[in-house]
Structure formats: C-alpha cells, structure tokens
Amino acid sequence: MTVPLNIAELELTEVEDALEGRGCERFHARQLYRWMYKRGVTDFGRMTDLSKDLRVRLGREFTIATPAVTSDQRSSDGTRKFVLEFADKRCIEAVFIPDTPSMTFCISTQVGCAMGCGFCLTGKMGLVRNLTAGEIGGQVRVLAAATEMLDHPFNIVLMGMGEPLHNYDNTMKALRILHEEYGLAVSPRRVTLSTVGIVPGLKRLAHEPLMPNLAISLHATTEEQRTALVPPNRKYPLAEILETCRHFPLKRRSRITFEYVMLSGVNDTPEDARRLARLLTGIKAKVNLIPLNPAPGIPFERPSDDRVDRFAQILADRYLTVSVRKSRGQDIRAACGQLIVEGGTKKSAAQQMALLMR
Ligand code: SAH
Ligand code: SF4
C-alpha cells in the first residue's frame, strides 16, 4: 500500500503536480487550498464542491496532517497560549496576541532550540527537532481557525520556540505556503522573522523573493558580553552581523528591528545604551527593548521601569526609534522566552520547574 501524500507539506504548484500525476485535474488544488486555509476544513468528505468520487479518492491517496490543540489557555489580557501536538507526540507552543495594534500569531519553528541563550527557557530545552514546513504553516492554520481569524488580516512573528534561520528551508517554505493567494494570502510585509543572526542564513534571506521583516536579537554591545549571553556569537560575531545588516536590502521606509532583552545590572547601563546607539549608526534601525520576563532557572533579573526608561531615552536622544515591549500573557507563561515544553512532550508546571532546577 502506498503512503498517503500529506498536502499540508505542499505548495500549491506541488499539489497541482500531485493531482495531475494521479490523473486528476490541476484546478482542484485551488479548491483544496481554499478548504484547508480559508475555511479550516481538513476532512475531504466535507469539501462539498468536489465530486463524491473525487472526495473518496482524495481520502485514499492524500492526508492533511494538522497539529492537535492539547491546551488553550487564556490570559487576563486576551493573549491565548496554545500547546499543539504533532503526529509524533512532540509539542510546541504558539501564541495569539490580540490588538498589538493588529492581531498577531507568534509561532514556533523548532521543538526546542540549539542556541542556548542564557535568559531563555526554550534554550534550556536544547534542540529536539526541526518543524516541517507543514507543521510551521499548520500552526497558523489551526490558530486562525481557533480564534476565528481566517477572514481577517493578521501578523505573524516567528518568535516562538526555535531559531528560524537554523531551520531555514522549512521556514521559508512555510512562508511560501502561507503566501498562496488561494490560501491565507499572508503578505511577507505582515511577517517578522526574529533571529540571533546566523550570518549565512541572513545572506540567503537577502535574496529571498518573499522577504519577511527582519528582527535581530542583539542583547549586548560588546563581543565578550554577547558571547556570554548568546553563545552563537562565538561563530557569528556582533561585528559580522551588523556588517551584514548594513548591506541588507530593505524596502523603502522599512527598517531592521534590533531586539534587546534587558537584564538588570548586566546590559542595562547608560554606557550600554550609548554603545548600542553607536553600533547602529548608519543602519536603518529601530530598537525594541524587552525587559526580561523572569522565570525559575533563569539567573537574571528584570530591571526597574525607571532604568528601562532611562536606557530608552538615551537611544531616543540619538535619533533612534525605540519601543518597549509590553509583556503579554505572563500569567499563563506565554510571554517571550517563556515557551517551554520539556523534551517536546507535555509536562506539568511542577515537572517543568523540577527539570529547570536540576
Ligand atoms: N530564536 C529567535 C526567535 C525566538 S525568541 C530569536 O532569539 O530571535 C524571540 C524573542 O524573545 C527574542 O528576541 C528573545 O531574545 C526573546 N526572549 C527570550 N527569552 C526571553 C526572556 N526570558 N524574557 C524576554 N525576552 C526573551
Ligand atoms: Fe533560541 Fe531565541 Fe531562545 Fe536564543 S532566545 S535560545 S535563539 S529561542
């Protein structure tokens, strides 16, 4: 028996080719895409504009693998954190953040992460595995249906679990799938890819036809300090990342976001702020300050609001656009860097805590 082909992994032209290869009409691919992405339907039997015969055939020869929602927690501020489970029982988290100012889905690209940043819970998990393109796109499909956003515009930030440029091909294929006109038609302008700055990945990204907005997780202003906080800096140093950013092709009026997690007494001094402003000179940049979301097992503290404001003011005085990220969904651990599903399978909060304290 042949294994059914999983349409969730396919771009529209690939679905067309697969149908044609099985003696079916190519145009049915558009219908399939519409059902999957515009109406959230994955059961061929319910695709009523296809003939009965075709529905039966599709059911025999194809599948549409879709992550299962195993938990859906609502925060008091409207943020919703979903735990999604894949066929192999591995889990990731994806977050819906309403009104920021538009609706945003924060999705994952890997189960865990290999980068090991010292302030990030996902980093503590290590890398369990890459997500496939269908699993990355599937998160948006599932969240958009669950939040009744299939017909509304929304943004996507690749800021959940994982390092997107460490899973380059699958991430970019997911963006192509999500961009399809007969599906969700998500414009790359509505997508932001956040990365620690894997330089070969950045250089590839510079040539992508569907280029998302770029956010660089900087977090430090000297090589030494960045290497201590963001270990991949050893291989791809700050200076090289900034040089790559300097030459990064940007559309008119667009800028690179530099994310800066603020750790009390570590990287939040006025000298750090002045150094940061100097480093960004000549780059079309904006800065997003992220006061640390503290968590058990994370050996850093969040600076006071005063200290964050002072830091922001120094940057603003030097003509940088600065924003301070509000922490959303903290009561359900949905805020940045608080996404952890130990070993990629579900654990209770107490078990997670125990693992972190080891
Ligand atoms: N791996 C990518 C994208 C996922 S992390 C990256 O690092 O850019 C998304 C953002 O959350 C990054 O800017 C990251 O630095 C930030 N983050 C991680 N842990 C955090 C924490 N404990 N508090 C606040 N922000 C955190
Ligand atoms: Fe990975 Fe990003 Fe967390 Fe660093 S901050 S460990 S790159 S998910």
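Note that the structure is predicted; figures quoted are calculated from it, not measured. Note that these values count all heavy atoms, side chains included, but never hydrogens, waters or copies made by symmetry.
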Distance (rounded to the nearest 0.5 Å) between Asn213 CG and Lys251 NZ: 8.0 Å

Hey, is Arg39 close enough to Asp151 for a salt bridge, meaning N to O under 4.0 Å? no

Within 45° cone of Tyr168 ring axis and under 6.0 Å: Arg204 NZ or CZ: yes

Measure the spacing between CG of Asn6 and CD1 of Ile64 and express it to the nearest 0.5 Å. 8.5 Å

Can His28 and Glu25 be counted as having a side-chain donor-acceptor contact under 3.5 angstrom? no

For a quick check under 3.5 Å, do Glu163 and Thr109 share a side-chain donor-acceptor pair by atom type? no

Measuring only between side-chain heavy atoms, which start at C-beta, is Arg302 closer than 4.5 Å to Met262? no

side-chain contact (heavy atoms from CB on, under 4.5 Å) test vs Ser108 passes for just one of Asn167, Leu131, Val95, Leu158, namely Leu131

Ionic contact status for Glu271 with Arg275, cut-off 4.0 Å: no

Is any side-chain heavy atom of Val324 less than 4.5 Å from a side-chain heavy atom of Asp305? no

CA sep, side-chain torsions, deciding dist, call: Lys173, Glu14, salt bridge (charged side-chain N to carboxylate O under 4.0 Å, His left out): CA-CA 12 Å; Lys173 183 169 186 182; Glu14 294 174 316; 3.0 Å; yes

Asn288 side, atom CG; Phe258 side, atom CZ - distance, nearest 0.5 Å: 12.0 Å

Under a 4.5 Å cut-off applied to non-hydrogen side-chain atoms, are Phe248 and Met211 in contact? yes

Pro212 to Leu205 - nearest heavy-atom pair and separation: CD-CD1, 4.1 Å

What I want to find out is whether Glu223 reaches Arg226 closely enough, with some N-O distance under 4.0 Å, to be called a salt bridge. no

How many angstroms lie between OH in Tyr236 and OG1 in Thr227, if you round to the nearest 0.5 Å? 13.5 Å

Can you tell if the side chain of Met36 reaches within under 4.5 Å of the side chain of Val41, non-hydrogen atoms only? no

One pair to check against side-chain contact (heavy atoms from CB on, under 4.5 Å): Ile92 and Gln139. What are the steps and the verdict? CA-CA 9 Å; Ile92 52 91; Gln139 294 168 59; 3.6 Å; yes

When you look at Asp317 and Gln313, which way does the side chain to side chain donor-acceptor pair (under 3.5 Å) test go after all the steps? CA-CA 6 Å; Asp317 288 345; Gln313 191 57 53; 2.9 Å; yes

Path from Val261 to Ile314 over hydrophobic side-chain contacts below 4.5 Å: no

Go through the side-chain N and O atoms of Arg307 and Ser264 and say whether any donor and acceptor fall under 3.5 Å apart. no

Please check if atom CZ in Phe27 has more than 12 non-hydrogen atoms from other residues, nucleotides or ligands closer than 6.0 Å. yes

Does a side chain donor of either Thr132 or Glu9 reach within less than 3.5 Å of an acceptor in the other side chain? yes

We want to know whether Ser51 and Asp53 form a side-chain donor-acceptor pair, criterion being a heavy-atom distance below 3.5 angstrom. no

If you apply the rule side-chain contact (heavy atoms from CB on, under 4.5 Å), what do you find for Thr257 with Leu214, and how did you get there? CA-CA 6 Å; Thr257 301; Leu214 182 60; over 6 Å; no

To the nearest 0.5 Å, how far apart are CD1 in Ile241 and CG in Leu218? 7.0 Å

Do Ser304 and Asp306 pair up side chain to side chain, a donor and an acceptor below 3.5 Å, judged on atom types alone? no

Would you mind reporting whether Leu238 and Leu279 have side-chain heavy atoms less than 4.5 Å apart? yes

Do Leu127 and Val196 belong together in a cluster built from hydrophobic side chains that touch within less than 4.5 Å? no

Atom NE2 of residue position His166 - does it have more than 12 heavy atoms of other residues, nucleotides or ligands inside 6.0 Å? no

One thing to verify: whether Arg46 and Asp43 come together as a salt bridge, which I'm taking to mean a side-chain N less than 4.0 angstrom from a carboxylate O. no

So which atom in Cys91 and which in Val83 form the shortest heavy-atom distance, rounded to 0.1 Å? CB-CG1, 3.9 Å

How long is the span from the CE atom in Met47 to the CZ atom in Arg55, to the nearest 0.5 Å? 10.0 Å

Taking the side chain as every heavy atom from C-beta outward, state whether Gln225 and Asp272 have any pair of such atoms under 4.5 Å apart. yes

Testing the basics here: between Ala65 and Ala8, what is the closest heavy-atom pair and its distance to 0.1 Å? O-CB, 3.4 Å

Stepwise salt bridge (charged side-chain N to carboxylate O under 4.0 Å, His left out) test for Glu240 and Lys235: CA-CA 10 Å; Glu240 207 181 317; Lys235 195 155 175 203; over 6 Å; no

Test ring pair (Phe, Tyr, Trp, His ring centres under 6.0 Å) applied to Phe82 and Phe96, step by step: CA-CA 8 Å; Phe82 294 83; Phe96 170 61; 7.7 Å; no

Working for side-chain contact (heavy atoms from CB on, under 4.5 Å), residues Phe154 and Thr104: CA-CA 6 Å; Phe154 52 76; Thr104 301; over 6 Å; no

Salt bridge check: are Arg129 and Asp88 linked by an N-O gap of less than 4.0 Å? yes

With side chains defined as the heavy atoms from C-beta onward, is the minimum distance between Glu259 and Ser217 less than 4.5 Å? yes

Can you name the closest pair of heavy atoms from Ala29 and Leu19 and give their distance? N-CD1, 3.3 Å

Test item: Ile97 and Met103 side chains (from C-beta on) under 4.5 Å apart, heavy atoms: no

Apply the test salt bridge (charged side-chain N to carboxylate O under 4.0 Å, His left out) to residues Arg90 and Glu85: give CA-CA distance (whole Å), side-chain angles for both, the deciding distance (0.1 Å), then the verdict. CA-CA 6 Å; Arg90 295 296 185 190; Glu85 187 182 270; over 6 Å; no

Any donor-acceptor pair under 3.5 Å linking the side-chain atoms of Arg189 with those of Ser254? no

For Leu143 against Ala94, the heavy-atom pair lying closest together: CD2-CB, 3.8 Å

Apply side-chain contact (heavy atoms from CB on, under 4.5 Å) to the pair Thr70 and Leu84, showing each step before the final yes or no. CA-CA 6 Å; Thr70 59; Leu84 302 184; over 6 Å; no

Asp17 vs Arg26, test: salt bridge (charged side-chain N to carboxylate O under 4.0 Å, His left out). Steps then yes/no. CA-CA 7 Å; Asp17 293 346; Arg26 293 176 74 85; 3.0 Å; yes

On a heavy-atom basis, the closest approach of Arg141 and Leu150 is O-CD2, 4.4 Å

Ring center gap for Phe311 and Tyr260 short of 6.0 angstrom: yes

Side chain to side chain donor-acceptor pair (under 3.5 Å) for Thr281 and Arg318? Distances and angles first, verdict last. CA-CA 9 Å; Thr281 309; Arg318 285 156 179 75; over 6 Å; no

